[in-house]
There are 2 protein chains.
Amino acid sequence: MLRNVGLRPTRQRVALAKLLYAHSDRHLTAEMLYMEATNQNLPVSLATIYNTLNQFARMGLLREVGVDGSLTYFDTNTSNHHHFFVEDKNEIRDIPTTDIVIGKMAELPDGYEIARVDLMIRIRRKR
Amino acid sequence: MLRNVGLRPTRQRVALAKLLYAHSDRHLTAEMLYMEATNQNLPVSLATIYNTLNQFARMGLLREVGVDGSLTYFDTNTSNHHHFFVEDKNEIRDIPTTDIVIGKMAELPDGYEIARVDLMIRIRRKR
DNA sequence: ATTTGTGCAAATCGTTTGCATCTGA
DNA sequence: TCAGATGCAAACGATTTGCACAAAT
């Protein structure tokens, strides 16, 4: 998998990949993955976690999901889908593709193409 | 306007409001507004800009638009609409409401309500 | 007079970087 | 061997905060 995208399968990258893809459809921040690795006595530096996540994302193994103007989550599900953001728990959750349909699509400015479509529905506990 | 939402109309807030709403449908970062104010010999500290923008947003006078995991823009158009993000220019642009329709809406987890729907179409120059 | 806002500088948070050291092919 | 990866600590950029001072009501 790593070789396919041109990344050396180093100790750290292999270990992190295992963590990431152990369960499916995970949404992790760098910090979360760091703690997970550390808890399993897997010595990796936070810097390497950041590097690795960014590389994986660039190579299409992960999808980057920015929340607000501050946190970045990485989604192991790279297929085309959308997200709930649970405000009181700071948690990302997938929305099944079938549950949302964007009907009419906006027309783009001339000479531009779509790089990505991010739809996030922010939800909160009813009051 | 400020009194209506319970904010004291201080020098700075009035001045910033004037800048913000001088033209319609603006998308500004704190830094951008700071420079604009400074250029017009309007002495305001950056901290006050941040405070003011956040208060305005909390009071519904502005809409917060987070880009990626880092930049925060403030949109003077608080009505329900969506955005293009022009990747090579780091620029936000409104999408007319009529141009997008979200057909089928996802069903929310029990006990939750929608806080906000953020749809951002990231576009880039065709290659 | 009392409450609220402002400015400054320092603090915080998530993230990136420089560089010496290691490691995989 | 040697390009590329790692770890550490320091650097970063955007944003927030503590606190003394100033301005609104």
Side-chain angles (χ1 to χ4, degrees), chain A residues 1-20 27-38 41-59 61-75 85 90-92, chain B residues 1-20 27-38 41-59 61-75 85 90-92:
Chain A
M1 181 175 176
L2 292 174
R3 283 206 182 84
N4 281 343
V5 297
L7 291 175
R8 279 194 191 171
T10 63
R11 262 183 235 319
Q12 293 76 339
R13 295 213 268 236
V14 171
L16 292 178
K18 276 186 182 151
L19 283 183
L20 285 166
H27 303 92
L28 299 170
T29 62
E31 201 66 42
M32 287 163 73
L33 184 57
Y34 180 59
M35 297 203 303
E36 210 173 285
T38 302
N41 289 316
L42 222 155
V44 197
S45 78
L46 190 52
T48 297
I49 301 262
Y50 274 104
N51 289 336
T52 302
L53 288 173
N54 286 328
Q55 288 158 351
F56 281 22
R58 193 166 337 111
M59 298 316 187
L61 301 180
L62 288 174
R63 166 162 171 191
E64 222 175 323
V65 182
V67 173
D68 264 331
S70 56
L71 260 185
T72 302
Y73 281 79
F74 291 87
D75 189 344
F85 177 68
N90 252 22
E91 181 195 318
I92 302 250
Chain B
M1 181 175 175
L2 291 173
R3 283 207 181 83
N4 281 343
V5 299
L7 290 176
R8 281 189 189 174
T10 63
R11 260 184 237 318
Q12 292 77 339
R13 293 212 269 237
V14 171
L16 292 178
K18 274 185 183 151
L19 283 185
L20 284 167
H27 302 94
L28 299 170
T29 62
E31 201 67 41
M32 286 163 73
L33 184 55
Y34 179 59
M35 297 202 305
E36 210 171 285
T38 303
N41 288 319
L42 222 155
V44 197
S45 77
L46 189 52
T48 296
I49 301 261
Y50 275 104
N51 290 335
T52 302
L53 287 173
N54 286 329
Q55 288 157 351
F56 281 22
R58 194 169 331 114
M59 297 317 186
L61 301 179
L62 287 174
R63 166 162 172 192
E64 221 176 323
V65 182
V67 173
D68 263 331
S70 56
L71 261 185
T72 302
Y73 281 79
F74 291 87
D75 187 343
F85 177 67
N90 252 20
E91 181 194 317
I92 301 251

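Order of the sequence lines sets the chain letters (A, B, ...), proteins ahead of strands, with each chain counted from 1. On a predicted model such as this, the values are computed, not experimentally measured, just so you know.
Scored by the side-chain contact (heavy atoms from CB on, under 4.5 Å) test, Pro9(B) finds Leu2(B), Arg3(B), Val14(B) as partners (sequence neighbours excluded). For Arg11(A), the side-chain contact (heavy atoms from CB on, under 4.5 Å) criterion is met by no residue, not counting sequence neighbours. Thr38(A) is linked by a side-chain contact (heavy atoms from CB on, under 4.5 Å) to Tyr34(A), counting only residues two or more places apart in sequence or in another chain. Under the rule for a side-chain contact (heavy atoms from CB on, under 4.5 Å), Met35(A) has no partner lying at least two apart in sequence or in another chain. Taking the side chain to side chain donor-acceptor pair (under 3.5 Å) definition, one finds that Asp75(A) meets it with His27(A), His81(A), His83(A), sequence neighbours left out. Every residue two or more places apart in sequence or in another chain that forms a side chain to side chain donor-acceptor pair (under 3.5 Å) with Thr48(A) is listed here: Ser45(A). Residues satisfying the salt bridge (charged side-chain N to carboxylate O under 4.0 Å, His left out) criterion with Arg13(A), sequence neighbours excluded, are absent altogether.
Secondary structure note: stems in DNA chain D built from 3 or more consecutive Watson-Crick or G-U wobble pairs under 3.5 Å occupy C:1-10 with D:16-25, C:12-14 with D:12-14, C:16-25 with D:1-10.
Within the structure, every pair that satisfies the salt bridge (charged side-chain N to carboxylate O under 4.0 Å, His left out) test and touches residues 29-38 of chain B, not counting sequence neighbours, is listed here: Arg26(B)-Glu36(B).
At whole-Å resolution of the value, CG in Asp68(B) and C1' in dC13(C) are 17 Å apart. Summarising the geometry, the separation between CG on Asn90(A) and C1' on dC13(C) is reported as 13 Å, rounded to the nearest angstrom. Regarding Leu33(A), its CG atom lies at a distance of 12 Å from the P atom of dT15(C), rounded to whole Å.
Comparing the P positions of dT15(C) and dC19(C) gives a spacing of 24 Å, expressed to the nearest Å. Nucleotides dT15(D) and dA11(D) have their P atoms positioned 22 Å apart, rounded to a whole Å.
For Thr72(A), no side-chain nitrogen or oxygen approaches OP1 or OP2 of dG14(C) to under 4.0 Å.
The two residues Ala37(A) and Val44(A) come nearest to each other via the heavy atoms CB-CG2, 4.3 Å.
Screening Val67(A), Leu71(A), Asp68(A) against Asn90(A) for a side-chain contact (heavy atoms from CB on, under 4.5 Å) leaves a single residue, Leu71(A). Of the listed residues (Thr29(B), Leu33(B), Leu28(B)), just one forms a side-chain contact (heavy atoms from CB on, under 4.5 Å) with Leu53(B), and that residue is Leu33(B).
Contacts between residues 45-53 of chain B and DNA chain C, defined by a heavy-atom separation below 4.0 Å, involve Ser45(B), Ala47(B), Thr48(B), listed by number.
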Practice task
Determine, stepwise, if the pair Leu7(A) / Gln55(A) fulfils side chain to side chain contact (heavy atoms under 4.5 Å, CB included).
Solution key: CA-CA 9 Å; Leu7(A) 291 175; Gln55(A) 288 158 351; 4.2 Å; yes
Exercise for the section: Begin from the C-alpha positions of Phe74(A) and Arg63(A) and carry the test side chain to side chain contact (heavy atoms under 4.5 Å, CB included) through to its verdict. Expected result: CA-CA 6 Å; Phe74(A) 291 87; Arg63(A) 166 162 171 191; over 6 Å; no
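Contacts between chain B and DNA chain D, taken as any atom within less than 4.0 angstrom of a protein heavy atom, begin and end at dA14(D) to dT25(D).
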Exercise for the section: Spell out protein contact along nucleotides 20-25 of chain C as letters: B when the base is contacted, S when just the sugar-phosphate is, - when no protein heavy atom is under 4.0 Å; keep the 5' to 3' order. Expected result: ----BS
